[in-house]
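Report on one structure; see the data block that follows.
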Amino acid sequence: MKIRTRYAPSPTGRMHVGNLRTALYAYLIAKHENGDFLLRIEDTDQGRLYEGATDLIYRTLADTGLKHDEGPDVGGPVGPYVQSERVKAGLYQKYAEELVAKKEAYYCFCTQERLDSLRQEIDGKEVMVYDKHCLSLSEEEVQAKLQAGEPYVIRQNNPREGKTVFHDELYGDIEVDNAELDDMVLIKSDGYPTYNFANVVDDHLMGITHVVRGNEYISSTPKYNRLYEAFGWEIPVYIHCPLITDEEHKKLSKRSGHSSFEDLVEQGFLSEAVVNFVALLGWSPEDNREILSLTDLVDCFDYHRISRSPAVFDYQKLRWMNGEYLKAMGPEKFRSLSLPILRETLPGFADDAEKLTKIAAMVQSRVEILPDIPDMIRFFAVLSDYDTEIYRNKKMKTDETTSLHVLKELLPFLEEAEDYTNDAIYAALSEWIREHGYKNGYVLWPLRIALSGQATTPCGATEILEMLGKEESLDRIRKGVSMLGG
RNA sequence: GGCCCCGUGGUCAAGCGGUCAAGACACCACCCUUUCACGGUGGUAACAUGGGUUCGAUUCCCGUCGGGGUCACCA
């Protein structure tokens, strides 16, 4: 049997990383077995529709490489793939009425006020269990109300006694008392189906074999199974994925600032790195590999190895992983990715392709995310004010006094030197240092500080000399000398 | 609160009755070095807890504690 999985988002905004991971796992489960991965848009909540959200879903799927075989934009044999279009065909209404005929569902005319009176607050949380009030309506009463045009919903009719068991591939058999199952709404008063109903109907009609979804649906799964059974449909394989939480072990929220794929991309993360990272949140391969491309993942993904416990989204590790991707890419690719940032940060170098290439190379091995670059290289353009304290370095045996001395001693030599290319100036400088009986760091440390105004730079002192050129370099050294009281 | 799920270092995460309890991020130290970073080496750090079952439990069972999810005409 060919595996068919689906990603069924509701077009309400950006793609949450939890949803992204669910989509990824659904994709991997299907593709590992050469199955189909489909996209279905669940737009049954008219109030929450968000302009452009569907396009955002297409774009995110494309950016992450989760290519769907069937969907609204690419078509397929079991369409339409947008639920609002299926509503127009009367699909859900038809199936709901079938359930009513089987006494597995019933019309409910209760007003919002009556429903509200059923609500109660427990531990600060609002809880409501419907009391089956409308189940007792006679067929004549129902017809009369329907004829009168009274607004209604259709509710599932769940038993009060007995137990319902369902099987999840990760969690095993889960047994629930039927008393826990409330009569959930299947068709809303606006004629649209609820997620709960549309999901079951469509998964069946679209031939979904493995239902992959978040953990939060686990407690409503028995109700879905009762639906499948009422229709006489085959129950799919369930795979409920564990939650992704923030550092506080709470559900990842917009407040954490990195809850959606787009947030992360805006923060400078590579989509490959995000996909890789998210794949490892709740799953691990048999071997120890951590850097895995999407095709690697397809190859080795075994859903039985998905974890059952929630995972904390570790921003630090994502940064590290992004850096691994940056370091692993070819210098050409890195250069083209970083070029716009380089140009913007260093307008004076914007036309000097050679220097920009060198700077890109310097930065490639030290950057975790591209937006870190400006702070690392800004000193090439402007020398900021700095604290002379950074001239002090225990290991190099330097302080303000020795630095002042060395810098003054060095100045005439650098004024005389003509060739400021790195190799040449480094050779000449090394010679000078040897002649004076100094250690490299004793001289190079203060020189680098004077040139950059920073304790850490993406390159050594002589590379800065080359970048700045003779005149600017000498200016900065003189400024250092005066700052040190010389 | 009812029901359900989860519980290995700070975090991710191997383990699936017998291990000195892997590995990665972070952290620390050292090496390398023209600073930082990269790279290399080493280190600190964990089986929530109490009972069982067993010759033997991180691993199986039960209780406790802790965390999370869910109880909508949202998905």
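Sequence lines set the chain letters: A, B, ... in the order given, protein chains first and strands last, and positions in each chain run from 1.
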Checklist line | Row check, A:Y130 ring normal vs A:R155 NZ/CZ: under 6.0 Å, within 45° | finding: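 Verdict for A:Y130: a cation-pi partner in A:R155.
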Checklist line | A:K439, NZ: over 12 other non-hydrogen atoms inside 6.0 angstrom | finding: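 Atom NZ in A:K439 is not crowded, with 12 or fewer foreign heavy atoms closer than 6.0 Å.
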Check: With a cut-off of 6.0 Å (strictly less than), are more than 12 heavy atoms of other residues, nucleotides or ligands near CD of A:E161?
Finding: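 It does not: A:E161 CD has 12 such atoms or fewer within range.
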To the nearest angstrom, how far is [X] atom [atom1] from [N] atom [atom2]?
| X | N | atom1 | atom2 | result |
| --- | --- | --- | --- | --- |
| A:L281 | B:rC6 | CG | P | 18 Å |
| A:E216 | B:rC4 | CD | P | 19 Å |
| A:R289 | B:rA14 | CZ | P | 15 Å |
| A:M362 | B:rU35 | CE | C1' | 13 Å |
| A:K223 | B:rU70 | NZ | P | 12 Å |
| A:M376 | B:rU35 | CE | C1' | 12 Å |
| A:L118 | B:rC71 | CG | P | 16 Å |
| A:L252 | B:rG69 | CG | C1' | 15 Å |

Identity of whatever pairs with [N] - Watson-Crick or G-U, under 3.5 angstrom:
| N | answer |
| --- | --- |
| B:rA57 | none |
| B:rG66 | B:rC6 |
| B:rA75 | none |
| B:rC12 | B:rG23 |
| B:rG17 | none |
| B:rG39 | B:rC31 |

Answer with yes or no after comparing the ring centroid distance for [X] and [Y] against a 6.0 Å cut-off, counting only values under it.
| X | Y | result |
| --- | --- | --- |
| A:Y106 | A:Y152 | no |
| A:W445 | A:Y391 | no |
| A:Y224 | A:F166 | no |

For a quick check of understanding: with a heavy-atom distance under 4.0 Å over all strands, which category does [X] fall into, base, sugar-phosphate or nothing?
| X | result |
| --- | --- |
| A:A311 | sugar-phosphate |
| A:R448 | base |
| A:N422 | base |

Check: When you look at A:L118 and A:V129, which way does the side-chain contact (heavy atoms from CB on, under 4.5 Å) test go after all the steps?
Finding: CA-CA 7 Å; A:L118 259 26; A:V129 180; over 6 Å; no
Check: Under the 3.5 Å rule, do the base of B:rC3 and the side chain of A:S219 count as making a donor-acceptor pair?
Finding: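 Not at all, since no donor on one side and acceptor on the other fall under 3.5 Å apart.
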Check: Does the side chain of A:N178 pick up a donor-acceptor pair with the side chain of A:R160 at under 3.5 Å?
Finding: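 Short answer, no.
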All N/O pairs under 3.5 Å across the protein-nucleotides 23-26 of chain B interface:
unit_1 : atom_1 : unit_2 : atom_2 : d
B:rA24 : O4'    : A:E290 : OE1    : 3.2
B:rA24 : O2'    : A:E290 : OE1    : 2.4
B:rA24 : O2'    : A:K317 : NZ     : 3.2
B:rA24 : N3     : A:K317 : NZ     : 3.0

Checklist line | Residue pair A:Y315, A:Q267: steps toward the side-chain hydrogen bond (donor to acceptor under 3.5 Å, both in side chains) verdict | finding: CA-CA 11 Å; A:Y315 198 72; A:Q267 284 162 37; 2.4 Å; yes
Next item on the list: Report yes or no: is the ring centroid of A:W445 under 5.5 Å from the six-membered base ring centroid of B:rU34, with the two planes under 30 degrees?
Entry: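 It does not: the two rings, one from A:W445 and one from B:rU34, miss the stacking criterion.
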Notebook entry, point to check: For A:Y25, which of A:Y7, A:F301, A:Y303 qualifies under ring pair (Phe, Tyr, Trp, His ring centres under 6.0 Å)?
Noted result: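 The passing option is A:F301.
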Checklist line | Near-strand residues of residues 150-164 of chain A, defined as heavy-atom separation under 4.0 angstrom from RNA chain B | finding: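 Under 4.0 Å from RNA chain B: A:V153, A:R155.
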Taking only nitrogen or oxygen atoms into account, show me every contact under 3.5 Å that the protein makes with nucleotides 64-68 of chain B, one pair per line with its distance.
unit_1 : atom_1 : unit_2 : atom_2 : d
B:rG68 : OP1    : A:K250 : NZ     : 3.3

